[in-house]
Amino acid sequence: MTTGVFAMVLGAALLHAAWNALVKVNADRLVMIAIMMMSQVAVALMVVPFVAFPTAESWPYIWASTVLNTAYCVFLINAYRYGDLSHVYPISRGSAPLIVAVISVAVVGETLSRQAGLSVVVIALGIMSLALTRGAGGFRDPRPMLYALGTGIFIAGYTVVDGLGARLAESAHSYTFWVHLFNGIPITLLALYLRRGQVLVSLRKTWKVGVLGGVISLLAYWIVIWAMTQAPLALVSAVRETSMVFAVLIGVFVLKERLNLARLASTAVTLIGTVMLKTSK
């Protein structure tokens, strides 16, 4: 992974943490995510006339990505319903790069050096260990952890699908915007069904934040898909998930969550893994 790609994915990690925090602090997260998704559809509608049409080989990946992203949103909403940002986020984001690494090597056929593979493991463990800093009480209710793990599985799923789809589409920009043209429709229809009678009230309260979150999320997604056409899927996934470090900072300084020695240690492990990944060959 070149320095330029590495820096761009780190920027995407910051954006990932930011929009997750926006979702967490809003009372009606389903409507919030629906607004984000429809904002992305609107942007995609404006952009697709100016990008290449995806190749025929990439369309199955576009449809699969739509299904996986819808499932991801549903699980994420429920994870945040039962758990804190600092509990849910590490499990979902930390498990994803491990799954991506296994799939990319065993199924896709990518190769990782020993140091690169070890760095992915260190980053993932550093991220997931942050959940343990909540203490044993955080695991008495299994729902947050189960939903977070399910979220991680779907993150890994759409990461691999999008990486392969963008390569087949022969244009990361084309693939990104065509995917987002369809991604927002299922979750919006779900929100309209589940929140019928409440949508307009929630919309008035959250549309500005929702649009902001949608643009931030789209930009982060765009960067990551482009990066996966330039570097191995597992390495891009691992660096993106260092968004945990930014999530900790947002949680502490914006959401006023506690920062203790255990959290600092988890963050340090993640940063060590990131340095290992950057220096790997």
Side-chain angles (χ1 to χ4, degrees), residues 13 15-37 65-100 123-159 183-184 186-188 190-191 193-195 202 206 209-210 213-214 216-217 220-221 224 237 240-252 254-258 263 266 270:
L15 296 174
H16 268 284
W19 79 257
N20 271 269
L22 290 176
V23 171
K24 173 60 182 176
V25 299
N26 275 272
D28 197 331
R29 299 181 184 98
L30 177 58
V31 173
M32 171 68 174
I33 288 181
I35 296 170
M36 289 174 55
M37 291 292 191
S65 179
T66 299
V67 173
L68 291 168
N69 270 281
T70 301
Y72 156 70
C73 287
V74 171
F75 271 71
L76 181 67
I77 291 165
N78 282 286
Y80 284 156
R81 178 184 178 186
Y82 297 112
D84 292 334
L85 174 68
S86 55
H87 187 199
V88 167
Y89 201 88
I91 297 173
S92 60
R93 307 310 305 197
S95 58
L98 289 177
I99 301 170
V100 171
I123 289 172
L125 292 178
I127 294 169
M128 288 189 289
S129 68
L130 190 69
L132 299 175
T133 65
R134 300 285 298 180
F139 295 95
R140 289 173 184 164
D141 184 352
R143 290 175 297 182
M145 186 172 66
L146 292 175
Y147 276 117
L149 286 173
T151 303
I153 291 171
F154 288 116
I155 291 171
Y158 75 65
T159 297
N183 266 353
I187 199 69
T188 301
L190 180 64
Y193 173 74
L194 294 177
R195 297 290 189 273
S202 298
T206 62
V209 178
I216 291 173
S217 176
Y221 208 106
V224 169
S237 175
R240 177 183 62 182
E241 304 314 345
T242 59
S243 57
M244 183 278 294
V245 176
F246 299 111
V248 169
L249 296 176
I250 292 172
V252 170
V254 180
L255 304 182
K256 306 304 179 183
E257 296 177 348
R258 292 179 56 193
R263 286 194 184 186
S266 297
T270 304

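Every value quoted in this text rests on a predicted model; they were computed, and no experiment measured them.
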K.L.:
State, to 0.1 Å, how close A96 and A156 come at their nearest heavy-atom pair, and which atoms those are.
P.N.:
O-CB, 3.8 Å
K.L.:
Test your reading of the model: is there a side-chain donor-acceptor pair from T188 to the backbone of G184, 3.5 Å cut-off?
P.N.:
yes
K.L.:
Just wondering, do L130 and I91 contact through their side chains at under 4.5 Å, heavy atoms?
P.N.:
no
K.L.:
Once rounded to the nearest 0.5 Å, what's the spacing between atom CD1 of I155 and atom CD of E241?
P.N.:
6.0 Å
K.L.:
Grab the two heavy atoms, one from P97 and one from G94, that are nearest each other, plus how far apart they are.
P.N.:
CD-O, 3.3 Å
K.L.:
How far does CG of N78 sit from CG of L146, to the nearest 0.5 angstrom?
P.N.:
11.5 Å
K.L.:
Quick check: does any side chain N or O of S217 sit under 3.5 Å from a backbone N or O of G214, one acting as donor and the other as acceptor?
P.N.:
no
K.L.:
Can you classify the ring geometry of Y221 versus Y158 as parallel (below 30°), tilted (30 to 60°) or perpendicular (above 60°)?
P.N.:
parallel
K.L.:
Identify the two heavy atoms, one from S237 and one from V100, that lie closest to each other, and give their separation to 0.1 Å.
P.N.:
OG-CG2, 3.8 Å
K.L.:
Can you name the nearest heavy-atom pair linking T70 to N183, along with the distance?
P.N.:
OG1-O, 4.4 Å
K.L.:
Please report the shortest heavy-atom distance between S243 and A13, naming the atom on each side.
P.N.:
CB-O, 2.9 Å
K.L.:
Do the non-hydrogen side-chain atoms of T159 and R240 ever get within less than 4.5 Å of each other?
P.N.:
yes
K.L.:
How close do C73 and I187 get, heavy atom to heavy atom, and via which atoms?
P.N.:
CB-CD1, 3.8 Å
K.L.:
Starting at CD1 of I123, measure out to CZ of R93 and round the result to the nearest 0.5 Å.
P.N.:
13.5 Å
K.L.:
Starting at OG of S92, measure out to CE of M244 and round the result to the nearest 0.5 Å.
P.N.:
11.5 Å
